[in-house]
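Chain identifiers are assigned alphabetically (A, B, ...) following the order of the sequence lines, protein sequences preceding nucleic acid strands; residue numbering begins at 1 within each chain. Since this is a predicted model, take the numbers as computed values, not measurements.
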Number of protein chains: 2
Amino acid sequence: MAHVTTLRRFNRYFTRRIGALDEHYLGRDRPLNEARLLYEIGSGASLRELRTRLGLDAGYLSRMVRALEGQGLVRVTVHPTDSRLRLVAPTPAGRDELAEQNRRADALAEGLLRGLSGSQRDRLTEAVAVTERLLRLASITVRPAGPASPDARACLTAYAAELDERFPEGYAVTDLVPPERIAVLLVAYEEERPVGCGALCAPDTDTAEIKHLWVHLDARGLGLGRRLLTELEHTAAGRGHRTVRLDTHTALKEAAALYRTGGYTEIPAYGDNPHAGHWFEKSLPTGPPVSRPAGGTACRGDGTQRSPGGRPGIGGTEGHGTEGPEGTGRSGAGRAPR
Amino acid sequence: MAHVTTLRRFNRYFTRRIGALDEHYLGRDRPLNEARLLYEIGSGASLRELRTRLGLDAGYLSRMVRALEGQGLVRVTVHPTDSRLRLVAPTPAGRDELAEQNRRADALAEGLLRGLSGSQRDRLTEAVAVTERLLRLASITVRPAGPASPDARACLTAYAAELDERFPEGYAVTDLVPPERIAVLLVAYEEERPVGCGALCAPDTDTAEIKHLWVHLDARGLGLGRRLLTELEHTAAGRGHRTVRLDTHTALKEAAALYRTGGYTEIPAYGDNPHAGHWFEKSLPTGPPVSRPAGGTACRGDGTQRSPGGRPGIGGTEGHGTEGPEGTGRSGAGRAPR
DNA sequence: CACTCCCTCTGACTAAAGTCAAAGAGTATG
DNA sequence: CATACTCTTTGACTTTAGTCAGAGGGAGTG
C-alpha cells in the first residue's frame, strides 16, 4: 500500500505540475492537439498511423491535418502505391515550428535542472530512467497468441532477422520452429504493439522446451526477457511439465546470463539444433498448484484473454541497463516515443 | 544535455501514458475538471483558494461548484467572518464519490504494480520518491524578500512556533531578530507559497551572521535547507563578507549536521543568544568574484527578482529522507498536494 | 467484375473548457 | 460615509475536443 500511495502522489504531482507546464509551453499559440499532432508527424507519417497512434477519430484528424496544411506547416500527399492512404510531411516552415517546440521544451527542462547541483542532476536522471523502465515493464502485458497470428509472425520474423545478423553462420526464417509444433506462444504487448515473444514446445509430457525467446530492441533493458521466461515456466508448470530445457547460441551472451541467473543449469547437448552452443535445464516447482488462469491456454490468439498477471522476476538482480533504450541520443522530434 | 533528453523523454512518456490513464479513470462519468475540482475541495476549501490553486476563471469555477451542488456532492456556505467568501465542503454523498475516485486511482496504481516483482516495486517506489523530491527542489525558487513582508513574517512566525515546541525552554516571537537588523532575508517559494527562509545579519563588515534558517515541514527532506544555506553564503560573499557564522540550539541535531557537512567548523561561543548551544563558522571563498545577479539584493521583496539560480549542494551527500514528506500515510483525499 | 473492405473526407452535432465584462454584495479604510 | 477594493455570480460568448453517420474513391479477392 505504501507503494500505491507513493506512486499516486507522484502521479498527481507530476501530471499536474510538470506535465501541465509542458503542455502550456507546447501549446502556446496553437491548440494543444494540433501541436501534439505536428509533433507526432515528426519527419513524416501516414494518416492511418497517426490515427492509431494518437487514438483520434478519423474525421477529427482529417480536419486537424487540413488546418496544419492551411497554416503551411505540413504537406499532404497520396501514398505512392496505395492511393487510399495519405502521407503527411512537414514543410520547412513546419520543421521550424517543430524546432521551436523542441527549443521550448528543452528550455523548460533546462530551467528545472538549473535549480539542481551536478550530483543532484545525475541522481534525478538516474531515478527518472529507472522509473520509466519499471513503469514501461509494468505496463507491458504478456498473453498467449496463436503461433500463426500476425503478431506472432511479426515477432518471429524480427527474431529471425536479428539472429541472422548476429550468428556468423546466419539464420533463416525456415530455421524457426513451425507453428504447428509450438504448444504455447506468449507475446508481450506494449500498448498493443508486440514487443517480445517466447514459445513453448512439448516434446514429451515431462519436459517442455522454450524456444524463440525474443525482446524487441526498443523494449530491451526493461527486464522483459526475464518476465517472459518466468511466465513461460509458469505456463509449463500449469500444463503439468516438470522440467523446462532450452538451448542458446554461443553468440548470445546476455541470453546465457539470463538463464544462469534465472536458476538454469547447463546440461549436455540434446536435439539437433545446428545453432545451439549451450544447453540449459531447470526443474519446475511441483508444490501446490499455483492458482492462475493458466491451463489450456495454447493457441487462442483471439485477444480475449488478458495477461495471467503472474509475478515475474526472481530476485533483485534484473540487470537492466546493459542495452536500454537510452543511448540513441536523439532529442525527440523525429521519434515517436510510443 | 543528456539530462534534458532523459527528463523530456520521461515527461512525454509519463504524461501521455500514465497521466492520461489516470485522467481517464478519474473522469469516468463526470467532466474531468469537475472530478478534479471535487478532489481539490477535499474535506473543505474556500472558492478563492480553489480558484488560485487550480488557476480557474472565477465564473467557470462558480458554475462548476454549482453543478456539483446540484448533484448533491457539495454544500456551499458563507464564510462565518467574511461573508464575501464562500466555503465548499463535500456532503456525505460527495465523500462517497471521493472515496470511489480514490479507489479507482488506487486500483490503477495497483494494476500497474501488479506487473512487477517485489524488488522491482521497491525500486520503483524508491526511484519515484527520489524523482519527486528532486523535481520539487528544482522547482523551488529562492529570492530575497523584505524582512517585514507578509511572506517573511509567515515563515518567521512558523519558525518561532516550531522552536517553541522543540526547545525545552520555549521560544517567543520576540526572540526573533527584529526586521531592521536583518540585512538580507531569503525566502524559498514552492509555487509561490513560502516554504522556507534564512536571514543574514551584518554585525560588522567582515563577518555575516546567518539566522533563522528554516524549512517548512512539507518541504523537508528535499535538500532545501542546504540550498538556502548555500545561497546565503553566496549572498554574504557577494556583499563582501569574508566569514559567516551562526549558532544553533543543542536540540536541533539535523541543523548541526547540516552545518558540519556544509564546511562549517565549531567555534567558541559568541554573542548573547540564550538559546544557542553550538557556534559555527565558515570562511567564504574570496577568489575571482562569482558572476551572479547578487549584490545589493536586500529587502526588495517586490517579487520582480527571480532566483539567482546558484548551484546549491556541496557534494553528493544531501542526506535526504530523514524526515521527508512521506510518513503521514494519508492516501490523498484530504490533502492538497500543491 | 461484382463485392467487400479500407481509408479519408464532409457535414452535423454535442460536450467541455475557457474567456470577458458587468453587476451585486461585502469589507476595509481614510 | 464615500471610496476603493474583493469575491462571487450571471450572461453571453468562442474555441477545443470529441462523436457519428454517410459518401466516395481505391484495393484486394473470389
Report task. Take atom CG of Leu37(B) and atom P of dG18(C), then tell me their distance rounded to the nearest Å. Result -> 13 Å
**Report entry** Minimal non-hydrogen separation, Leu38(A) against Gly94(A), with atom names
**Finding:** CD2-O, 4.4 Å
Report summary line: Rounded to whole Å, the CG-P distance (Leu61(A) to dT10(C)) equals 13 Å
Requested in this report: Give me the first and last nucleotide of DNA chain D, going 5' to 3', that has any atom under 4.0 Å from a heavy atom of chain A.
Outcome: dT16(D) to dA27(D)
Query raised in the report: Hey, which of Leu156(B), Val142(B), Leu186(B) is the one that makes side chain to side chain contact (heavy atoms under 4.5 Å, CB included) with Cys197(B)?
Result: Leu156(B)
Report task. Would you check if Glu34(B) and Leu37(B) make a side-chain contact, meaning some heavy-atom pair closer than 4.5 Å? Result -> no
Requested in this report: Would you indicate what Asp57(A) reaches in the nucleic acid, counting non-hydrogen atoms under 4.0 angstrom: base, sugar-phosphate, or nothing?
Outcome: base
Report task. Starting from the 5' end of DNA chain D, give me the residue, Gly59(B) or Arg48(B), whose nearest nucleotide shows up first. Result -> Arg48(B)
Report summary line: Atom CG of Leu54(B) and atom P of dA16(C) are separated, to the nearest Å, by 18 Å
**Report entry** Arg193(A) with Asp218(A): basic N within carboxylate O range, under 4.0 Å
**Finding:** yes
Query raised in the report: Which residues, if any, of residues 64-91 of chain B bring a heavy atom under 4.0 Å of DNA chain C?
Result: Asp82(B), Ser83(B), Arg84(B)
Query raised in the report: Given the rule in the side chain to side chain contact (heavy atoms under 4.5 Å, CB included) test, do Glu97(A) and Arg30(A) qualify, once you have shown the distances and angles that lead to the verdict?
Result: CA-CA 11 Å; Glu97(A) 182 63 28; Arg30(A) 181 181 323 286; 3.1 Å; yes
**Report entry** Distance-only donor-acceptor test, Arg63(B) side-chain atoms vs dG18(C) base atoms, 3.5 Å
**Finding:** no
Query - Test item: Ser139(B) and Leu112(A) side chains (from C-beta on) under 4.5 Å apart, heavy atoms - result: yes
Query - side chain to side chain contact (heavy atoms under 4.5 Å, CB included), paired with Tyr13(B), selected from Val128(A), Leu135(A), Thr131(A) - result: Leu135(A)
Report task. Mind listing the closest non-hydrogen atom pair of Val187(B) and Ala152(B) along with its distance? Result -> CG2-CA, 4.4 Å
Query raised in the report: Is the shortest heavy-atom distance from the side chain of Glu162(A) to the side chain of Leu217(A) under 4.5 Å?
Result: no
Report summary line: When rounded to whole Å, the OH to C1' distance for the pair Tyr60(B) and dA15(C) reads 10 Å
Requested in this report: Could you check how far CG of Asn33(A) sits from P of dA17(C), rounded to whole Å?
Outcome: 13 Å
